[in-house]
Each structure stands twice: as structure tokens, then as C-alpha cells.
Amino acid sequence: MTVDMIMERLKKRYPPGKFESNDPFRVLISTVLSQRTRDEVTDRAAEKLFARYGTPGALADADVDDIEELIREVGFYRVKAPRLKEIARIIDNDFQGRVPADMDTLLLLPGVGRKTANCVLVYGFGLDAIAVDTHVHRISNRLGLVSTKTPEETEIKLRSALPKEHWRHINELLVRFGRDICRPISPKCGLCPIIDLCQGRRDTKTFV
DNA sequence: AAAACGGGGGC
DNA sequence: GCCCCAGTTTT
């Protein structure tokens, strides 16, 4: 199967990173921080935040102004800081300090959409889920794995097209691949390790 | 369907 | 100095 070959080759090029298995609360908070923000910046801010507020109870009682100051560098901090506090409050008050482990409940939290919820399910709880961000959406379509208009549609189609063993790896693999090779504009097809497996390369002229 | 949110890093 | 970034919510 060609999708297996794609995943195997990408795994070879991009060895496992930080997102193996972690505390669900930290995965949740880190993932919200990471929205529209580069990882290096996200990691620094998350480190500072968790050093002071490491649990839902602690974060729920924090000053929003202090949270803002700690996460300023990730951007969108005036939106993210109150959301983080509210997320912590809800988890502390309504879920006995435990992050919910199902999609529908996670989506009730402010600042949590399908991508963030799926990251929590996969990286926080080790469940079978596929986190589709802009990279996964774009590249899955370029490669010809799916033909979809929205990330949610991509997630659903990938559930059929992608063997389960690859679900937990596809997000990080395609994000890294998308950042340095299969970029949104002017992808570096000349350096692409899976160019021979790419359907999009043959179907369009929008690739370099 | 489009706008708004944003400081930091790459070039 | 300009452009883009591991999305989500609101208009």
C-alpha cells in the first residue's frame, strides 16, 4: 500500500519527537498555546507557565494578567490567557481535575477545536485519533491520500485511508515535512523524499 | 465566507 | 522591514 510507504519513509526521515505520551492537562494547555504559533516559542512559554501553574487547580486560581505575562511571546495572549484559565476552571470544577477523554466533552472547552481535542486524545490519552491541522490537510490532498475541502472532512477520510498504526504519527510527521519540504507555497519538490509517491506532483503544475 | 487575534522568527 | 505561523471563535 502506497500510504504505508509514505509513512515509513517519513518516519525514517523524522524520528519520534516530544509528543509520545504525556500528561493530558499539559498536552491540552500546550496545544492551545501552540495554535498559530511555532513550536520553539510554544515550548518556552509552556515551560514558564507550567513552572508556576502545573495543575488545573493552580491555573484556575491564577491571575489572568500573570498568565498573559507568562505566555506573551506566543501571540494571541489576550485571547489565550483567559481561555486557559477558563479551561482550568472547568476541569477543576466540573471534571474533578481530570481532562475529559472524549471529543464531545473536549469541544465544550474554550479554545478547543477538533485539532486540539484530537491532540489531547492521541498524545494525552493514547487513543486512536487523527489530529488534522493545516499541514495534514494540505499535504494529504497534495499527495492524493484524500480529496477534501475541510480539515474535518480530511480527518474522516483519513480514518478510512490510513491504517490505525499510523494515526498517532501522521500529525507530527506531516507538520515537520510541511515545514521544511512540502510548504504551502513553493514546496521544495526537488528535495522531497516521497516525490515518486506523490499524486499531486503528476496532476498539477503548482509544484516546483 | 471572512475577519480578528499577535509577538517572534526567518529571510 | 515584510511575511508567515502545530486554529478557534466571532461577525
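In what follows, every chain begins at residue 1, and chains take the letters A, B, ... in the order their sequences are listed.
Arg183(A) comes within 4.0 angstrom of nothing in the nucleic acid, heavy atoms only. Pro184(A) comes within 4.0 angstrom of sugar-phosphate atoms only, judged by non-hydrogen atoms across all strands, and of no base. Using a 4.0 Å heavy-atom criterion, one finds that Val79(A) contacts the sugar-phosphate atoms exclusively. Nucleic acid contact for Leu107(A): none, since no nucleic acid atom lies under 4.0 Å from a heavy atom of the residue. Among the atoms of the strands shown, only primed sugar atoms or phosphate atoms (P, OP1, OP2) are found under 4.0 Å from some heavy atom of Arg72(A).
Within residues 129-138 of chain A, the residues approaching DNA chain C are Asp133(A), Thr134(A), His135(A), by heavy-atom distance under 4.0 Å.
Residues satisfying the side-chain contact (heavy atoms from CB on, under 4.5 Å) criterion with Ala117(A), sequence neighbours excluded, are Met103(A), Leu106(A), Leu107(A), Val112(A). Partners of Lys157(A) under the salt bridge (Lys or Arg N to Asp or Glu O under 4.0 Å) rule, at least two apart in sequence or in another chain, are Glu153(A). Residues meeting the side-chain contact (heavy atoms from CB on, under 4.5 Å) test with Arg98(A), sequence neighbours left out: none. Residues passing the side-chain contact (heavy atoms from CB on, under 4.5 Å) test with Glu40(A) are Arg38(A), Arg179(A), sequence neighbours excluded. Legend: residues meeting side-chain contact (heavy atoms from CB on, under 4.5 Å) with Ser34(A), ordered by chain and number and at least two apart, are Thr31(A), Thr42(A), Lys115(A).
One can place OH of Tyr77(A) at 19 Å from C1' of dT8(C), the figure rounded to the nearest angstrom. Separating the CZ atom of Arg44(A) from the C1' atom of dC5(C) is a distance of 14 Å, rounded to the nearest angstrom. Note: CG (Leu108(A)) to P (dT8(C)) measures 14 Å, nearest angstrom. Going from atom CZ of Arg114(A) over to atom C1' of dG7(C) covers 14 Å, rounded to whole Å. In this structure, the CD atom of Glu86(A) is 12 Å from the P atom of dT9(C), given to the nearest Å. In this structure, the CG atom of Asp39(A) is 14 Å from the C1' atom of dC4(C), given to the nearest Å. Taking atom CD1 of Ile87(A) as the reference point, atom C1' of dT9(C) lies 13 Å away to the nearest angstrom.
Inspection of the Asn141(A) and Thr148(A) side chains reveals an N or O donor paired with an N or O acceptor under 3.5 Å.
Chain A approaches DNA chain B within less than 4.0 angstrom (heavy atoms of the protein), and the contacting nucleotides run 5' to 3' from dC5(B) to dG9(B).
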Side-chain donor-acceptor pairs of residues 49-61 of chain A under 3.5 Å, sequence neighbours excluded:
{"residue": "Arg52(A)", "atom": "NH1", "partner": "Asp66(A)", "partner atom": "OD2", "Å": "3.3"}
{"residue": "Tyr53(A)", "atom": "OH", "partner": "Asp66(A)", "partner atom": "OD2", "Å": "2.5"}
{"residue": "Thr55(A)", "atom": "OG1", "partner": "Ala58(A)", "partner atom": "N", "Å": "3.2"}

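Nearest-nucleotide positions on DNA chain B for Lys149(A) and Val74(A) put Lys149(A) closer to the 5' end. Mapping Leu109(A) and Arg179(A) onto DNA chain C via the closest heavy atom, the residue that lands nearer the 5' end is Arg179(A).
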Show each protein N/O and nucleotides 1-3 of chain C N/O combination with a separation under 3.5 Å, one pair to a line.
none

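Residue Arg38(A) has its side chain nearest to dC4(C) when only dA6(C), dC4(C), dG7(C) are considered.
Atom name P, nucleotides dA6(C) and dG10(B): the rounded distance is 13 Å, in whole Å. Taking the P atom of each, dT11(C) and dG6(B) are spaced 15 Å apart, rounded to whole Å.
Heavy atoms of other residues, nucleotides or ligands lying less than 6.0 angstrom from CD of Glu8(A) number more than 12.
With respect to Lys11(A) and Asp4(A), no salt bridge is recorded, no charged nitrogen being found less than 4.0 Å from a carboxylate O.
Counting only distance, with no hydrogens or angles, the side chain of Asn22(A) and the backbone of Val27(A) share no donor-acceptor pair below 3.5 Å. Ser160(A) places no side-chain N or O within donor-acceptor distance of the main-chain N or O of Leu158(A), the cut-off being under 3.5 Å.
For the salt bridge (Lys or Arg N to Asp or Glu O under 4.0 Å) condition, the pairs that include at least one residue of residues 67-79 of chain A, sequence neighbours left out, are Arg44(A)-Glu73(A), Lys48(A)-Glu73(A), Glu69(A)-Arg72(A). Counting only residues at least two apart or in different chains, salt bridge (Lys or Arg N to Asp or Glu O under 4.0 Å) contacts with residues 127-141 of chain A comprise Asp128(A)-Lys164(A).
The phosphate of dT8(C) has OP1 or OP2 within less than 4.0 Å of a side-chain N or O from Thr116(A).
No side-chain heavy atom of Pro24(A) sits under 4.5 Å from any side-chain heavy atom of Tyr123(A). Between Asn171(A) and Ile130(A) there is no side-chain heavy-atom pair separated by less than 4.5 Å.
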**Item:** Watson-Crick and G-U pairing of DNA chain B written in dot-bracket, each distance under 3.5 angstrom, with | for inter-strand partners
**Value:** |||||.|||||
